[in-house]
There are 2 protein chains.
Amino acid sequence: MSAGVEWALHCCVVISQAEEPVPAARLATFHEVSRTYLAKNLQALSRAGLVRTTEGRDGGYELTRSAPKISVLDVVQAVDGAEPAFRCTEIRRRGPLPATREMCQRPCGIARVMAAAEQAWRDSLASVSVAALAADLDASTGGTGLEGLRGWLSA
Amino acid sequence: MSAGVEWALHCCVVISQAEEPVPAARLATFHEVSRTYLAKNLQALSRAGLVRTTEGRDGGYELTRSAPKISVLDVVQAVDGAEPAFRCTEIRRRGPLPATREMCQRPCGIARVMAAAEQAWRDSLASVSVAALAADLDASTGGTGLEGLRGWLSA
DNA sequence: GCCACCTTACTCGGATAAGGACTGTCCGAGTCGCTAAGG
DNA sequence: CCTTAGCGACTCGGACAGTCCTTATCCGAGTAAGGTGGC
């Protein structure tokens, strides 16, 4: 999985706490990562429609929906792509004993198992929102984390 | 995910239906794939202890355990590696507002969410055995698939 | 007829190149806010 | 004092190299079976 997924998730948490657009340069400074490469990942979020971009002075990124409406799965699929990790190449149709047309009416059993597992993975990620991540961060810091973050964003 | 995972799973189903060791060349012919590259993936199964190798004439691969005792997860982890897809780089410790030691006593919330999702994925794969795959294949073919496979293996 | 040995062919295993994807970087197009001049 | 035009700087967006991992391949070490010669 791309490392940019981690960056994008952290950025979404930060953006959710800001009321003004946050420029990519500020996000890069906060996370101490490459500014240009972080921009590339944020572009993926923009293409997926999760964030809205404001150009020009005082511009930046802001969420298009409220934080509870954005799930972790949305961010992961935006950055890493929505294509399934396992891709069935229909091996059963090749070789000296190819599967007949009747057998192929249903997907390959292996593909079904893998698809079910990925669905469970997606369900688990879809059950957590960006707002929940922010709340967890706040709880881990004893209730001062989000306040400090908002203060840093204003400064 | 590596494409070799699919090959390895199909190979496990075939091997489970044979009473004699099956050479890699025969498996490659059956699936119509590269013989040398398939051998590389089978080596991964051998290192993981899922299959036993017999060298020399009439040698090949055979399962070390009964098919119901081998789960799909075992095969996937043997070929693709057991390392988690998401790796936390501890971004929270960097930047102008680094997380304090107290906050880091627990793993990052994002890492916990991703780990839980991967655990759900593993649980789903662990609940299906190679024997179940073979049974499903037999059911899809109306009860003649495994018989034909065994016949081809004997020939 | 039985045994030991050798030949033979077949098996897996690790070490070795080529291609594609993720990582990292750069500069250009577009836009908003600020300033200053004019009415 | 208000309007408006211009300027400037800041923003994102897509196009361009570097590096690591997956894919694909080869040949060598080792082994078990089968045949052959001797006893």
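To find a chain, count down the sequence lines: A is the first, B the second, and so on, and within it residues start at 1. Fair warning: this is a prediction, and the values are worked out from it, not measured in the lab.
- Between the side chain of Thr29(A) and the backbone N or O of Ala25(A), at least one donor-acceptor pair lies under 3.5 Å.
- Across Leu50(A), Thr53(A), Leu27(A), Val51(A), a single residue satisfies side chain to side chain contact (heavy atoms under 4.5 Å, CB included) together with Leu42(A), and that is Leu27(A).
- Rounded to whole Å, the distance from CG on Leu27(B) to C1' on dT11(C) is 13 Å.
- Atom CE of Met1(B) is separated from atom C1' of dC21(D) by 16 Å (rounded to the nearest Å).
- As a whole-Å value, the separation of Arg47(A) CZ from dG13(D) P is 9 Å.
- Terminal axes of the helix from dG1(C)-dC39(D) to dG39(C)-dC1(D) (five pairs each, C1' rotation axis) are separated by 10°, to the nearest 10°.
- Among the nucleotides dT23(D), dG13(C), dG24(C), the one closest to any side-chain atom of Ala3(B) is dT23(D).
- In this structure, CZ of Arg52(B) is placed 12 Å from P of dA32(D), rounded to the nearest angstrom.
- Regarding Lys40(A), its NZ atom lies at a distance of 10 Å from the C1' atom of dC22(C), rounded to whole Å.
- Between the CZ atom of Arg87(B) and the C1' atom of dC21(D) there is a distance of 16 Å, given to the nearest Å.
- Contact annotation: Tyr37(B) side-chain N/O to dT23(D) OP1/OP2 distance is under 4.0 Å.
- At whole-Å resolution of the value, CG in Leu38(A) and P in dC26(C) are 15 Å apart.
- Taking atom CZ on Arg26(A) and atom P on dC12(D), their separation rounds to 12 Å, with Å as the unit.
- Among dT25(D), dG13(C), dG14(C), the nucleotide with an atom closest to any side-chain atom of Thr36(B) is dT25(D).
- At least one side-chain nitrogen or oxygen of Gln43(B) sits closer than 4.0 Å to the OP1 or OP2 atom of dG14(C).
- Taking the six-membered ring for Trp and thresholds of 30 and 60 degrees, Trp152(B) and Phe30(B) have ring planes inclined between 30 and 60 degrees apart.
- Counting any heavy atom pair closer than 4.0 Å across all strands shown, Arg35(A) reaches no nucleic acid atom.
- Ser34(A) comes within 4.0 angstrom of the backbone, heavy atoms only, and of no base.
- The neighbour count for Glu90(B) CD, taken as heavy atoms of other residues, nucleotides or ligands under 6.0 Å away, is above 12.
- Here the side chain of Ser2(B) pairs no donor or acceptor atom with the backbone of Val5(B) at under 3.5 angstrom.
- No side-chain donor-acceptor contact under 3.5 Å links Arg35(A) to the backbone of Ala24(A).
- Counting non-hydrogen atoms of other residues, nucleotides and ligands closer than 6.0 Å to CZ of Arg106(B) gives a total of 12 or fewer.
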All N/O pairs under 3.5 Å across the protein-nucleotides 6-11 of chain D interface:
| residue | atom | partner | partner atom | Å |
| --- | --- | --- | --- | --- |
| dT11(D) | O4' | Gly56(A) | O | 3.2 |

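- The Ser2(A) side chain lies nearest to dT23(C) when the options are dG13(D), dG14(C), dT23(C).
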